[in-house]
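Working notes, beginning with the structure itself.
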Amino acid sequence: MDYEDVMKLALERGFYFPSCEIYADAQAGFWEYGPSGISLKNKFLELWRRELIRRDGMLEIDGSQIMSKSVFEASGHLGNFADPIIKCTKCNSTFRADRTIAEISGIEIPESADLIEFDNAILQNNIKCPKCKGIFDNTKNFNMMFKVGIGPEEAEAYLRPETCQSIFVDFPRLFKIMRGKLPLGIAQVGKSFRNEIAPRQSLLRLREFYQAEIEVFCNPSKLDEIEKFSEVRDVVIRVQTDAESVSMTCEKAVESGIIPNKFVAYYLGILTEFYEKTGIDITKTRFRKLGDKEKAFYAKVAFDFEVETTIGWLELVACNYRSDYDLSNHAKKSKEKFDVMDNDEKVLPHVFEISMGIDRSLYTILEHSLKDDKEHDRIVLALKPYLSPVHVGILSLVKKDGLKEKADEIYLKIKRKCDAFLDHSGAIGRRYRRLDEIGSPFAVTVDHQTLEDETVTIRMRDSMEQKRIRILELDSMIIQSIAFP
RNA sequence: GCGGAGUUUGUCUAGCCUGGUAAGAUGUCAGCUUCCCAAGCUGAAGGUCGCGGGUUCAAAUCCCGCACUCCGCACCA
């Protein structure tokens, strides 16, 4: 099933839809999660916590979305996050100044240079618009951060463009009070904000989006001394360094030098194990090693975890080795001490980052799970049971003869133990189809035999098979089946 | 931001060329029927025709502007 099919399901079944849609001045790049979407998202994050945070013994925090100017001066976002852009006065096309100048004249000017340098280069080399040969206006900075004014004086502050800056600025306190030891992972789930020029494709490029970020602080001289590596030694990952991606175990990847050390390989390994459990088709994923031009300004080594969808390869997670870039810059600007003791050694920790796009991950789970079952004329969202927005539908075969009341009674008992959905109205087949579309793995039906012997039928979403079980066994059977792996 | 194509009820589509006050399917709800996979019957609700302006006696329809969605380019820290 493709993007259009997922979009239709999202709109019809309440996974997600455009923000402020009843108003004409609604802005692009903002979407809301509906009841089914939020239920899926919550379960996805629970899995993330189990497979990464708790598994590795990380700390989780929840930081502010608005952060002070100093944070982004230190992080480099105020300087580097801005792109120098030039606009043609004739056709209004916009280009990156540094790239356009380099393409036409071969002159390389760093993107962080003074704006006047770009203007001079354009003037001296007679650079014109590549499209229409028009004249360029003066170079301007386009910063992708949203500026906000705080208090009556409207003091300058910004909506964070990535969640991780909280983790860096909180690091000294957290390390002390949580009795930190390297390596230490600190994680955060939350919203980030970027003023994209052209948001598009619903959840795939948003101006306000969810990230789940993990920053692992480590001693840079001990990157191959990680005991936990044995847990992932045999986990197969797919890595792309050149044109083709190759599958190999984490151990092989380190031995061959494709992954620089055991420390990075360990985290790529547990990330892969996590994504396997989301139901994403892991054979359609790869870790792509980024070249120098593609990497973020703070990254020394970077792997993007990408997944193949019907609209192409999609970046789900950025794995960046940020070295001591962030901590040293915050230390310099704030005068706070960021170095810590690792046994007897005083070190300024390095950081390896696993920065996950939640919205894109949820889209991919939906796309990879959505099946068109032509044989039975139905659409099935074959989600893992532990991720399904609804775990079980409780249905009465017909409304009369006390079957409705019996179904009500069962629903009442089970609804606090799992996500149950009660439905009495319409043909039974129609109700099964509706549950199939939101991915409910089970449907329990109360029929006339129920009144005689206290049994119900339980229908499996994927096979459509039905079994008769005792009501007494229902709770434990369902709770067992929807448990996280 | 540039170029192209679109926008009619929850969803899909007709109507637009040739202006006369919105139609169908599906879905939803209620009732009847029905002992298990979108059946049938009866009834109901649901539309600022993306937004704003113009032309006209009259605009979903013609004209202008804008927004949003999708595709391509550029961008994606």
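Atom set for the values below is all heavy atoms of this structure, side chains included, hydrogens, waters and symmetry mates excluded. To find a chain, count down the sequence lines: A is the first, B the second, and so on, and within it residues start at 1.
The interatomic distance linking A/F193 (CZ) with B/rC76 (P) rounds to 21 Å, in whole Å. At whole-Å resolution of the value, CG in A/D423 and C1' in B/rC29 are 12 Å apart. Between A/R431 atom CZ and B/rG27 atom P the separation is 15 Å, expressed in whole Å. Going from atom CG of A/D137 over to atom C1' of B/rG1 covers 14 Å, rounded to whole Å. A/D5 places its CG atom 15 Å from the P atom of B/rU11, with the value rounded to the nearest Å. Here B/rC76 presents its P atom at 16 Å from CD of A/Q211, a figure rounded to the nearest Å.
Between A/F352 and A/Y267, the ring planes are tilted. Angles from 30° to 60° get that label. In this pair, A/Y16 and A/W31 present their aromatic rings perpendicular. The plane angle is above 60°, beyond the 30 to 60° band. Note on ring orientation: taking the six-membered ring where Trp is involved, the planes of A/Y363 and A/Y3 are tilted (angle from 30° to 60°). Using bins of under 30°, 30° to 60° and over 60° for the plane-to-plane angle, the ring pair A/Y275/A/F305 lands in the parallel bin.
With B/rU69, B/rC76, B/rC29 as the candidates, the nucleotide lying closest to the side chain of A/R434 is B/rC29. Of the candidate nucleotides B/rC70, B/rC51, B/rG10, B/rG10 has the atom nearest to the side chain of A/E12. Looking at the side chain of A/A198, the nearest of the listed nucleotides B/rA38, B/rC36, B/rG1 is B/rG1. With B/rA39, B/rC35, B/rC71 as the choices, the nucleotide that has an atom nearest any side-chain atom of A/A427 turns out to be B/rA39. The side chain of A/R433 lies closest to B/rC37 when the candidates are B/rC37, B/rU69, B/rG1. Listed candidates were B/rC51, B/rU69, B/rA38. Nearest to the side chain of A/A24 is B/rC51. Residue A/T445 places its side chain closer to B/rC36 than to any other of B/rC36, B/rC68, B/rC71. Out of B/rC73, B/rC35, B/rC76, the shortest distance to the side chain of A/R200 is found at B/rC73. For A/K8, counting side-chain heavy atoms from C-beta on, the closest listed nucleotide (B/rC36, B/rA39, B/rU11) is B/rU11. Considering only the side chain of A/R205, B/rC76 comes nearest among B/rC35, B/rC76, B/rC71.
With both pairing distances under 3.5 Å, B/rU26 is matched to B/rG10 as a Watson-Crick or G-U wobble pair. Base pairing annotation: B/rC35 forms no Watson-Crick or G-U wobble pair, as no partner gives both donor-acceptor distances under 3.5 Å. Under the Watson-Crick or G-U wobble criterion, with both distances below 3.5 Å, B/rA45 has no partner in any strand shown. Here B/rC75 sits opposite no nucleotide as a Watson-Crick or G-U wobble pair (both hydrogen-bonding atom distances under 3.5 Å). Both distances falling under 3.5 Å, in either a Watson-Crick or a G-U wobble arrangement, place B/rA5 opposite B/rU69. Taking a pair to require two hydrogen-bonding distances under 3.5 Å in either a Watson-Crick or a G-U wobble arrangement, B/rC62 pairs with B/rG54.
Electrostatic pairing of A/E73 and A/K333 counts as a salt bridge here, judged by a charged N lying under 4.0 Å from a carboxylate O.
Not less than 6.0 angstrom separates the ring centroid of A/H391 from the ring centroid of A/F442.
Between B/rG52 and B/rU28, the distance separating the two P atoms is 32 Å to the nearest Å. To the nearest whole angstrom, the two P atoms, one in B/rC68 and one in B/rA25, are 35 Å apart.
If you check distances only, the side chain of A/Y3 never reaches the base of B/rC70 with a donor-acceptor pair under 3.5 Å. One N or O donor and one acceptor, one from the side chain of A/D447 and one from the base of B/rC36, sit under 3.5 Å apart. Residue A/R459 places no side-chain atom within donor-acceptor reach of the base of B/rC36, judged by atom type and a 3.5 Å distance cut-off alone. Donor-acceptor pairing under 3.5 Å, judged by distance alone, is present between the side chain of A/H448 and the base of B/rC35. Side-chain N/O atoms of A/Q466 and base N/O atoms of B/rC36 include a donor-acceptor pair closer than 3.5 Å.
Residue A/T457 is classed as a base contact, given a heavy-atom separation below 4.0 Å to a base. Residue-level contact check: A/I22 touches the bases, meaning some heavy atom is under 4.0 Å from a base atom. Residue A/D377 is classed as a base contact, given a heavy-atom separation below 4.0 Å to a base. Counting any heavy atom pair closer than 4.0 Å across all strands shown, A/E437 reaches a base atom. Among the heavy atoms of the strands, none lies under 4.0 Å from A/E4.
A heavy-atom distance below 4.5 Å is not found between the side chains of A/Y325 and A/H330.
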